[in-house]
Amino acid sequence: MSGPFEGVIVHSWARIGRNLALLALIFGLAAIFGMHHADTLSRPWTLHASPKGLTLQDETHALQHYRQGGFQTLAMPGVGYGVSAHDLWLVLELPAGLRLSPRAYVTVAPALLDRVDLYQVVPGESRPRLRASSGYRVQPSLRPLSLRQAEFDIEADERRASTWLIRVQSRLYTAALVSVQDMGEHQQSELLEGFLVGVVVLFGLVSLALSLVVRYWSPDGHALNLSWMVLGFVALMGMWHGYLRLWLDWHSTVAVSALDAVVASGTLWAFYRWASSMMSMKRYTPWLTWAMKLVALMCLPACAVAFMAGWSPLLGAVAAAGAMMVVVFAGIASQIRRHRIESPMYLLFALIAAVLVAIKVLAERGVLPYTSGTAYGWLIALAVACFALLLDLLTRAMDERQLARADRDCLHAMLLHEKSQLELRVSDRALALSNANEALRLTESSQRELLSLASHEFRTPAAMIKGTLDAMECVSEPLPAGVALKVDALRTASSRLIFLANKLIAHDRWRELSVKPQLRSMGVREWLLEVLGDYEDEVPVRLKLPPDDVELRADAVLLRIALQTLIDNALVHSADGQSMVRVNLVVLPRQLEIQVVDAGPGIADEDKPQVFERFFSVGSDQSRGLGLSIVAAVARMHGGQVTISDAQPHGACFHLTLPHLGLRTPSEDDDGD
């Protein structure tokens with residue numbers, strides 16, 4: 001979308017994104033408070049717990065201690081003793097008259113409890129009966145209900161009371177939440193749990209989609225790192241709630257512990273990658289990135305140490321996550337002190353998540369009531385924080401895209417302006433060049449007219465002088481030696497003047513005809529005989545023709561000028577002026593070659609590439625470089641070329657090569673086009 005309202009729309013979306021993040025935070029806090037408040041309501045059943053630090057050997061000892069009044073009655077459905085090596089014993093009393101369906105369900109949460117044993121207390125018996133076992137370390141196939149956490153189905157009879165003994169073993173923390181539901185409530189809770197799982201999966205997919213969108217708009221790496229963090233968070237939630245264990249159904253405790261350590265460490269490393277990229281954008285201090293990287297690298301060794309000590313490897317991950325949180329808060333505090341924080345929303349969500357994590361830890365140690373809100377509130381806070389970060393990153397990318405588009409539009413406008421200015425300058429320059437060409441054409445036309453007039457005017461008196469001097473040779477009385485020398489010099493000068501005038505006239509004629517060559521089909525043999533007929537019999541020029549005639553499409557006038565130029569050039573450069581000049585016609589499959597061979601001194605190899613250039617002459621050449629350049633131009637005009645080689649035993653050979661139309665039959669019209 002582009003236009004004058006684009007900035008308003010983008011900024012509106014930015015405000016909507018931040019408002020949605022705050023709204024999600026409000027709903028998350030409301031959900032946490034609602035979960036906590038629901039657990040504080042009175043229940044028709046009673047839960048008792050063994051005192052903290054009390055060691056009970058077995059279920060018989062625990063039941064005896066309970067009957068002696070050694071258990072404490074809980075006001076909440078949960079209890080937390082923190083990290084402890086002692087088992088937690090719970091007694092669940094279902095009074096008579098409790099309206100439950102014939103089949104009731106007892107759930108002991110959270111999902112990371114290692115083992116939960118359910119015993120039924122039978123009146124009059126000192127030893128309770130073991131009904132079923134479940135938990136994180138019990139294979140899903142051996143559980144009474146193949147669910148993610150410890151769940152048991154019991155037979156409830158509202159006509160009489162029943163007592164149940166629960167043993168909880170946990171290496172992560174000693175805490176438990178107990179709930180009793182009938183079949184309808186259990187189905188509703190399962191539906192709600194499935195809905196929440198779907199929301200989490202959808203959240204992961206949406207985060208990937210948003211990261212792709214943000215990466216397209218702003219490919220700076222923040223979106224990709226945030227996507228990895230969100231995926232790590234989803235995997236951590238799946239592991240923390242038992243979904244990975246239920247799905248994999250692994251028998252090896254070591255393998256399950258290794259999976260927990262890898263998932264927790266991967267999530268922490270993904271958080272480090274995202275946070276370091278964002279902090280680089282915010283110009284955080286370098287020590288913070290190194291500290292976060294060190295904590296992320298120490299997560300896996302901490303998990304291994306906790307496992308070897310007999311505890312859950314997640315304790316090491318929790319310790320590393322706590323250290324990471326301390327480092328992050330130190331960096332945020334440093335930026336607040338320097339007034340360089342860019343988004344206070346980060347600080348708000350970080351504080352809420354940290355507070356809820358602290359509440360969870362205190363509730364697990366028994367300092368605060370252990371309820372569903374205190375046990376799972378930190379997960380909701382982290383989910384909302386990730387969602388808020390995605391929205392904030394998306395709005396930032398949209399802002400950057402808007403700025404980039406504005407810069408692009410400005411640059412495009414500048415280019416259009418420069419293009420219009422360039423077109424004006426080019427138009428002015430073209431007009432000036434056209435005027436200059438017209439002036440040059442007029443000047444050249446005047447020059448050509450002057451040269452033509454001068455050539456014609458010079459040739460007539462020069463011919464008269466030469467004729468007079470030639471007539472003096474018929475005088476019977478010999479001329480004095482001095483006079484004879486001067487007459488010979490005058491004869492040579494007049495011949496040279498006549499030669500230059502003829503060349504200038506030929507050059508001027510070629511310039512006029514070369515503007516638009518008149519191409520016609522002609523027979524080469526007849527044309528050559530006509531060209532050679534212009535020379536008198538005493539001129540030493542001999543023509544050698546093949547038996548077959550070929551047809552050529554060319555301008556007869558221009559070719560005539562070119563060939564006569566080559567013949568005249570050969571006559572001038574003959575050894576004594578009387579040596580024979582040979583003109584040969586060679587017919588090739590697709591070309592014909594007219595060879596002009598003289599017996600002169602030849603042309604040096606270093607001069608051969610330049611002889612066809614204008615104004616280049618060798619020795620005392622009278623042509624001043626005009627003739628051979630005309631020959632080369634005529635050859636190119638007809639699609640051919642002219643070259644030079646050495647003749648044997650001495651002299652030069654010029655090769656005029658032209659494409660022909662094939663053999664000519666006697667019935668063809670010589671004047672046909």
Intermediate values then yes/no, side chain to side chain contact (heavy atoms under 4.5 Å, CB included), L56 and D87: CA-CA 8 Å; L56 299 176; D87 297 340; over 6 Å; no
Shortest non-hydrogen separation from P144 to F152 and the atoms involved: CG-CD2, 3.7 Å
Intermediate values then yes/no, side chain to side chain contact (heavy atoms under 4.5 Å, CB included), L177 and Y376: CA-CA 11 Å; L177 282 169; Y376 301 113; 4.2 Å; yes
Working for side chain to side chain contact (heavy atoms under 4.5 Å, CB included), residues W45 and L47: CA-CA 7 Å; W45 44 271; L47 185 65; 4.1 Å; yes
Point-to-point distance, once rounded to the nearest 0.5 Å, from NE2 of H65 to OG1 of T55: 10.5 Å
Within-4.5 Å side-chain heavy-atom neighbours: M35 and T371: no
Residue Q72 excluded, over 12 heavy atoms near CD under 6.0 Å: yes
T46 side-chain N/O to T73 backbone N/O, donor-acceptor pair under 3.5 Å: no
Separation between CH2 of W269 and NZ of K293, rounded to the nearest 0.5 Å: 5.5 Å
Flag, side chain of R43 to backbone of L41, donor-acceptor distance under 3.5 Å: yes
Contact check, side chains of D260 and C303, non-hydrogen atoms, under 4.5 Å: no
Beyond-backbone contact of S50 with L88, side-chain heavy atoms, under 4.5 angstrom: yes
Heavy-atom pair with the smallest gap, counting every atom of I32 and I380: CG1-CD1, 3.9 Å
Heavy-atom pair with the smallest gap, counting every atom of S372 and D39: N-OD2, 2.6 Å
Side chains of T174 and V168 in contact at under 4.5 Å (non-hydrogen atoms): no
H37 and F33 aromatic ring geometry - parallel, tilted or perpendicular at 30°/60° bounds: parallel
Inter-residue atom distance W89.CH2 - Q169.CD, 0.5 Å rounding: 8.0 Å
Distance, nearest 0.5 Å, that separates CG of D58 from CG of D117: 12.0 Å
Donor-acceptor under 3.5 Å (R129 side chain, V122 main chain): no
Separation of L368 CG from M76 CE (nearest 0.5 Å): 10.5 Å
Heavy-atom donor-acceptor pair, D114 side chain to R171 backbone, under 3.5 Å: yes
Heavy-atom check, side chain of I154 versus side chain of L118, under 4.5 Å: yes
Derivation of the side chain to side chain contact (heavy atoms under 4.5 Å, CB included) call for S162 and Q120: CA-CA 8 Å; S162 60; Q120 184 178 9; 5.7 Å; no
Interatomic distance, S170 atom OG to H86 atom NE2 [nearest 0.5 angstrom]: 14.0 Å
